[in-house]
Every structure is written in structure tokens, then in C-alpha cells.
Amino acid sequence: MATTNNQTKRSARSAPSTARSGNTKAATAAKPARNTDKDAPLKEDIRLLGRLLGEVVREQEGDEVFDVVETIRQTAVRFRRESDAKAGAELDKLLKKLTRDQTNSVVRAFSYFSHLANIAEDQHHNRRRRAHLLAGSAPQPGSVAYALSRLDDTGVSGAQVRSFLKESLISPVLTAHPTEVQRKSILDAEREIARLVAERDNPLTPKELRHNTELLRARIATLWQTRMLRYTKLTVADEIENALSYYRITFLRELPALYDDIEGEIDSQFPARARSSAKSLGGAELPPYLQMGSWIGGDRDGNPNVNAGTMQHALKRQSATIFDYYLEEVHTLGAELSISTLMVDASPELLALAAASPDHSDHRADEPYRRALIGVYARLAATARALGVVNILRQEVGAAAPYGTPAECVAELDVLVASLQANHGAALVKPRLAGLKRAVEIFGFHLATLDMRQSSDIHERVLAELFAKAQVESDYASLAEERKVALLLGELGKPRLLYSPYLEYADETNSELSILRTAREIRRRYGERAIRNYIISHTETLSDLLEVLLLQKETGLLHIEGNQLKELELMVIPLFETIPDLRCAAGIMGGWLALPQVKPLIARQGKLQEVMLGYSDSNKDGGFLTSNWELYKAENQLVALFNEAGVKLRLFHGRGGTVGRGGGPSYQAILAQPPGTVNGQIRLTEQGEIIASKFSNPEIGRRNLELLVAATLEASLMPPATDAKETRKLAEYERVMEELSERAYRAYRNLVYETPGFTDYFFAATPIAEIAQLNIGSRPASRKATQRIEDLRAIPWGFSWGQCRLLFPGWYGFGSAVSGWLADAGNPKESARRLATLRGMCKEWPFFAALLSNMDMVLSKTDLAVASRYAGLVADRKLRNAIFGRIADEHERTSAMLSTVTGSKERLAANPLLARSIKNRFAYLDPLNHLQVELIKRYRTAIATGRAPEERVQRGIHLTINGVAAGLRNTG
């Protein structure tokens, strides 16, 4: 954040800027020596943004605050980069001397530096990717071109790829969880900063460069003057609007464009089977295999703020968003397609569409495309109004009938496409019309599929009341599982309902039934894709699934003929979360698939059944290693079961941002799935601040969407190794993993659930209580009003460990497991053989390699010295020393064992760019962590002594939480 009198310029930009201004000789003379450091532009961007931030701090807060910030920055850098103990003591002294006002200014300065560094890094990723493409280098892993090339090499044909995509569903699902600590106002300002930073990669004149720098300074000043925190609790409606902003920024344009790119890559890789260029310009041979999903407004599990009204609001706002886009695109197309029949012919179908338009102006009599689009606009506007959209910016020319379905709109756009292609206008399809048509196919009138989710115990309570009031069973909840199943199956076969409009029911029962009835209405209004999934949290028994069937019958979502179940509108999807639940998953699903009453329902679903797996709670329940292994085993068991039943399995991965919650690179995660578990069908959650990091930049968002498609193609179509030797080796690796998992599970459970006082340590040594007070989500931090870890949501559990820089859920137990297994070998020869096995697993088994890679990243962000400061918040010294000592010992074991297995003593040796990024930003995180500890001390001392804590102290804590989350990036 240092300021300087020298103007920051990028040497690589100055030469082309001068040359373009006409002074070629001067440009040649001034041309600098070539810089071979590929990361030099990143460093220059960070220096520029840091300098501008420093100037803003000086201007806004004065020289004294600037000098304090700069002194702390220099001292923190020296402490971090040179391991200077004296600098560490100086840093501690500096931070303790800060006044209350200075404290918040320092926190804001370092927090915003983390934000700006993130922007610079994202731009550098885009820059390097473009450089790679411009150089004409071979396709990179993670691109569709790379995936198709690999498939081609193994004999997979273009026809097979197309056939595969026609049957596929790849769906990222946005969820609202309390780890997204950024306000939308902050995100909007940062997007503009990102745009300006990207602009500097273009040749700019000196005047343009100065103007760009002035705008950057202004936007950073806007950031500084914008409130970073929310002072009111976030509502579900707020969460819906936040999510919709990513559609406007990224999904609406980038998703249709990605489809066209992928079709082009398929044609390029398999030219013998390529479609004609005219046909490819029209787009839509492949159905929408990549679709967006959402939980925001439909996920009721533990969130009392979600109800029938929020579901209706979610669909209304989603619909308004997509219609705004369609109407704007059609309006712009009307301006662009000024084609006259005096110049070129049009198809009879296009002329008929124009004749049906409400536009009868003589000025456009010879412009059928414009008239047809005016008709399309009028029909879209009428459809939007019918669906409750009220703010249509441009009044249509005249009245028109609304579309009944999105397919009707696509058909009319197809008329324009076909007429252009047949009449020398094929080049006019690609720029906008093809993308609009593709968007209607992808997003329909609903934008994204809204999932419903509720806990199984709620369903049980609702049905218990329905059974009791109908005098069918007085105490359903107390029945044994066999009797529950028999009762539910019997009731499903009866035409009459349990519910009576003439009886009084509990509010919970009325609410749950109302929600399901609303789902039925939404499907009728917005289309079947608007809501099609019902997820059951805490699925533990077969009756948990049957209960949702019966509730759908009660609300008109399950259709019956006679006493036979014929069609189910909402797929019943179990969510297996804890370690015991994962171990029971195959048994429960085996019972489900075997039920004669269920088989016809699955047949109507295309012989497909979805199962959701929870990464977060399984990790909190059993630790990092065991969670990953139990998920892997459950997937294998489910694949075998579904293959035997002749039913296609779709897995829905409930992943979070942190590695402890299933986070990490999506591409590697999908490729690391067991063979046969992807098969063209995959859904996965995108949560918290990960949504912003992946999709707030259109180019990065498109890249992340492409990664999902590329990984799904590779994981599904690459021929598996069937060699007997490989099969035996995999069996050996799995046997070893089973033993390691059992050891890690014992180590983790012993500390977290069996050590007296661990819960007290956690609540004292992390900012969990302060996180719970943040206005960062509509959902409570805990499912119940207790301080039991079992009741705490997995998201704030992981978030808290990230804040104190331990990231405990992403590595604890691995060191004990591996060291214990090697030590129990019995002799040096066997120990060496075991180590060789582990190294083979690392090199040859994608599952184990991805696990170690993610753990390597987590350990690189872990800092025991910082964490020890948080441990000092625990008043009981004996408890503090005992718990933190065990954690520190395990960290040392885990780091040592990871180095032993991988052969690398340095963290992130395979990812030097990330290693440098983390190392550079730690110097700016250290002051935030130190200040957070000091502020928490002040806050808790005030509470303990019966005084009201100062508002600025609480605000300071929340600001540090924001800054640390931004600096670590994947903390939620």
C-alpha cells in the first residue's frame, strides 16, 4: 500500500501505446528488455492497486493513519518473509498501541488489500489463459478441447460424444449459506475495478492510461467510503437478489456462448462427422445438458425463514430476470436485423410470422425480420405479465397472445434462423440470434431449477399428525421401521386423502402442506423444470423416502390410477450426510429400488434416480480422511446396486468452499470420482464466497462452467483400466485406505467428541460466537439452541477454523493414521513396502492424489503461530495447553507424513503460483488475525464484566472476519 511519486506503468504496455500514437522511432528506442517473468504483470497490478489504496487511505484518513498502516505493512512483510522474530515483537507492539479509530482503519486497509489482490490474481489467470490460446499451444487440461482430444485418442467417436451429451445433465446449484461475507455493493464496486484492471492489458495511449488510473483511484475511493458490513440481517429475498446478480454478470451470456463453443470443438475434433457450417450457426442440435439449479428460496432445512411465499418470490424474481434479458435481446435484434425484402428474399414462414405481428407500420412493410421480432417481443411481454412480471421497461407495439411454453418461443426464433440461413443471412445468426435461441432452451421461463429440501424429522412430525387426526395411527413416530413402511405403502395405495379441510392442524403441518401445494402451482405456471427435486436431509431409513411420497400424494404431486402409483412430479432424493448415514446408503436405496410401488415411478423418470451425498456433516462427524473415504465407498456401492437394478444413478455432491467440506478444484474432484459414478449425470452445490470467486468475473465464470463439462466428459467416457494387474492394485489401495480411514477416524473422534472440554476450547479459541452474530445469511448458525458440536452447522464449524488459521477440518487425523500404519509394519522391510504403496497411491490413484493435493493446499494456509494467539483466548490454561498441544502435534505429524508420501518437503511444490500467492498475502493477513484476537479479548471482557461492548469493537471484529475470509478465499 506504499505510495510513490513515480507513475506506475507496465513496460509491456508503454511500447505499443507509443507506437500506436505514431512515434514508432521513439517506441523502438525505448523498448525495454524482454521480461521473462510470466508473473511480472500480476506483481505490477498488485503494486498499482496497493499504491492507489495507499493514496486513498492518506487522502481519506490523513497522514497519521496512512503512516500507521504503512509501518504495520512493512513490519508484517519483514516478519513473514524474513522470519524476523524482532519484527514479530514490533508488530505485536504496534497493533496493541492502536487507538479504537485507528484499529478499524487498519482493519479496513488490510481487508481491502486482500480484495484487490484477489482481483489482480483473477485478471492474471485470464491473462495467462489468453496468452496460452494466442500462442496456439496444445489444449490445457480442464478445457473441452483437451477432453475431446483425449477421447479421440482412445477411440471415442464424435457421434458417441453427441449421443452422450443428449442424455446428460450437468448442473451447478447455487446455495445461500452464511459464509458469503461480502455485500453486493462491495462486489459491484470490485467488478468495476476488475474491468479497469483488465482494460490496462490493451494498448493505451498515455492519456488513456492516466484516465484509467484516475478511474481506478475513484473506484477504490468508492470502496473505502462504502460500508463493508451489513447492519441488518440478510433475508431470503436478499439472498435471491444476490444470486440473480451472477446470472446478469455471467450465466445469461456465457452459458449459451459456451454451448456454441463446445459444439464447435466437437466439430473441430471430429471433422468427418461435423455438421455443415450453416447448421452449426443455428445452434440447438444438442439439448440443454448444462443447466443451472438453485436452493435459494426452496431450502427449508433449519431455516424457518423459507416457506411457500419465499418459493413464489424466488420464481417470480427468477422469471423477471430472464424475461428482462429476453426482451432486451429481442429489442436489440430488432434494431440489428434491418433486412429488407427489396434487397433479399425471406422464407414464407418468416413472412407469415411478420404478418401475424401487431406491427403494421408502413415504414417497416419491407422489413419482415423487424416486424416478426416486434411480434416475438409482444408475445414475450404478454408471457412475462401473465407470470407476474410488472416492470417491463419498453411497452410493446400492440397486444399479442402469450407463449404457452418456451418451446413455442424457440420455434418462432427458429423461423428467423432458417430464413436467414436460406437467404444469404447465415452470418447474421451467430452474433445474437443463436445465443438468444439457445438461452430460451437453457433457461426457459424459470431461469433455474429450484430445489426443495427439508429434514426427515419434520416430515415424520407432519405425517404423525395427519395419521392421528385421520384416526389411522395414533402414534406413528413410535412405530418400528417395518411397521412404518407397511403403513406408508398401504396408505399410498388408497385413493382417499388423510388431510381434511375441516380439521385444525399445527402451524408446521399447514406450512409444509402449503409449500408442496405451492410447488404444484409453480410447476403449472413456469414449467416442469422450475421445480423437479425434493431433497430429504438426514435420510436414515427407507420410511424417510416413503413419507415424502405420501406427502406428495396429499398435495396432488403424486398421480394414482386405481391403487397404482403412476407418476411422481418431484423426484424424491435422499441426502446421506453423516458417516453412519453414508454406510447405510446402499442398503436404503436397495430397499427403495426393490419396491414394486416405486419401480413405475422410476421408470417414468427415465429409469433414473438421484442420490445426494453430504460432504460437510460427514467431515464434522468423522474427519477429513474418513469422510472422503466413506463417500468414495458409498458411491461405489451405489453404482454396483444401480447397475444391478438397471437404473441410472445421478449423484448430487453437496460440496462447500473449504476442503473440509468437499471443496477444492472441481475438475480434479470430478476426475477423482470412482469409475462409473459420473456417467453424464452430476449435480454439485456452489456455496458461499465460492460463488463470487467463480462467477463474479464472466471470463472466469465461463472457464469454471467449461471445467465441469470437460471433467464430466473425461470421467464418463474415458475407457476404464480393465487390466487384471490394475484391478488387483486398486483393490490393494482400497484395503490400505480402509485401514488408514479407521485410524484417522479414531484420532479425530477421540479429540473432538471424546475429549472433555473440547467444545469449550472450540467456542473460546475460534470466533464462532462472533460469526454467529454476523448478518451474513438468513439461516441460523446452529440447528438447535445449544453449544453441542453435533448441533452446530458444518458451515460455521469450518468457517471458524479457517478464521483462526488452523483449518482443522481439512487435515486432522491424517498424520496419526499414516504414521501409525507405517510404525505397525513390524520390520523395516515391511515399513518400506508400505511407504512404497502409499507413494504408488499418490501417483496412480486419482482419488488419493486429489485428497493429498487438497490437504497440501490447506496445510499451506495453516499457521500454528497465528493459531496459538487464538488459543490464548481460552481462559483455562490447562485445557488450552492440552488441546492446542494435541492439535500442534498432529499438525507436525500430518505435515511430515504428507512430505514423506509425496516426496516434497515444500508445500504446494506442484503449484508454485498458488504458493507464491499465499506467501505474499500472508503478510497482509497476519495483522488482521492479530487484531481480531485483540478485539475479541476486549469484546468478551466487556461481556464477562457485565458491560455493554463498544459498537466499534464488535464492528472491528466483523471487519477482520471479512478480511481474513477474503484473504484465504475458500473458508466457507
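Any value given below was found using the heavy atoms of this structure, including those in side chains, with hydrogens, waters and symmetry copies removed.
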Run the numbers on R907 and M857 for side-chain contact (heavy atoms from CB on, under 4.5 Å), then give the verdict.
CA-CA 7 Å; R907 296 280 71 85; M857 185 268 288; over 6 Å; no
Under the criterion side chain to side chain donor-acceptor pair (under 3.5 Å), I'd like the reasoning laid out for H124 against R127: C-alpha separation, chi angles, the key distance, then a yes or no.
CA-CA 5 Å; H124 192 57; R127 180 185 297 126; 2.8 Å; yes
L428 and L433: CA distance, side-chain angles, deciding distance, side-chain contact (heavy atoms from CB on, under 4.5 Å) verdict
CA-CA 8 Å; L428 304 180; L433 179 55; over 6 Å; no
Test side-chain contact (heavy atoms from CB on, under 4.5 Å) on H115 and L223 and set out the steps.
CA-CA 10 Å; H115 290 218; L223 267 187; 5.6 Å; no
List, one per line, each side-chain donor-acceptor pair under 3.5 Å for residues 131-147, sequence neighbours excluded.
{"from": "H132", "atom 1": "NE2", "to": "A138", "atom 2": "O", "distance (Å)": "2.7"}
{"from": "S143", "atom 1": "OG", "to": "Q140", "atom 2": "O", "distance (Å)": "2.7"}
{"from": "S143", "atom 1": "OG", "to": "Y146", "atom 2": "N", "distance (Å)": "3.1"}

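Separation of atoms CD (E328) and CG (L333) is listed at 10.5 Å; rounding is to 0.5 Å. The CG atom of L98 lies 10.0 Å from the CG atom of N104; values are rounded to the nearest 0.5 Å. Once rounded to the nearest 0.5 Å, the distance linking CG of L49 with CG of N118 reads 11.0 Å. Here the OH-CG distance, from Y112 to N962, works out to 7.5 Å after rounding to the nearest 0.5 Å. With values rounded to the nearest 0.5 angstrom, H211 atom NE2 is found 8.5 Å from L196 atom CG. We find the CD-CD1 distance between E190 and I119 to be 4.5 Å, quoted to the nearest 0.5 Å.
At a cut-off of 3.5 Å, with distance as the only test, a side-chain donor of W224 or E61 sits close to an acceptor on the other residue. In the model, R805 has a side-chain atom that pairs as donor or acceptor with a side-chain atom of N929 under 3.5 Å.
Between D201 and R130, at least one side-chain nitrogen of the basic residue sits less than 4.0 Å from a carboxylate oxygen of the acidic one, meeting the salt-bridge criterion. Using a 4.0 Å cut-off between charged nitrogen and carboxylate oxygen, R703 and E699 do not count as a salt-bridge pair. For the pair D856 and K861, the salt-bridge criterion is not met [side-chain N within less than 4.0 Å of a carboxylate O]. For the pair R210 and E214, the salt-bridge criterion is not met [side-chain N within less than 4.0 Å of a carboxylate O]. A salt bridge is defined here as a Lys NZ or Arg NE, NH1 or NH2 lying under 4.0 Å from an Asp or Glu carboxylate O, and E70 with R73 meets this definition. Here R129 pairs with E706 in a salt bridge; the nearest charged N to carboxylate O distance falls below 4.0 Å.
Heavy atoms of other residues, nucleotides or ligands lying less than 6.0 angstrom from CG of D63 number more than 12. Heavy atoms from other residues, nucleotides or ligands lying under 6.0 Å from CD of E336 number more than 12.
In this structure, R432 and L337 have side chains that are not in contact, with every pair of non-hydrogen atoms separated by 4.5 Å or more. Inter-residue side-chain proximity for F251 and I442 is flagged as unmet; no heavy-atom pair is nearer than 4.5 Å. At a threshold of 4.5 Å between non-hydrogen side-chain atoms, the residues P288 and R438 do not count as touching.
Partner S111 forms a side-chain contact (heavy atoms from CB on, under 4.5 Å) with one of T960, L925, L928 and no other, that one being L928.
Listed by chain and number, the residues in a side chain to side chain contact (heavy atoms under 4.5 Å, CB included) with N704 are K694, F695, I700, L707 (sequence neighbours excluded). For S185, the side chain to side chain contact (heavy atoms under 4.5 Å, CB included) partners are R183, T226, not counting sequence neighbours.
Nearest heavy-atom pair, V964 versus G802, reported as atom, atom and distance to 0.1 Å: CG1-O, 4.4 Å.
Stacking of R253 on the aromatic ring of Y247 is not recorded, the 6.0 Å distance cut-off and the 45° axial limit not both being met.
For Y259 (side chain) and G435 (main-chain N/O), no donor-acceptor pair under 3.5 Å exists by modelled atom type.
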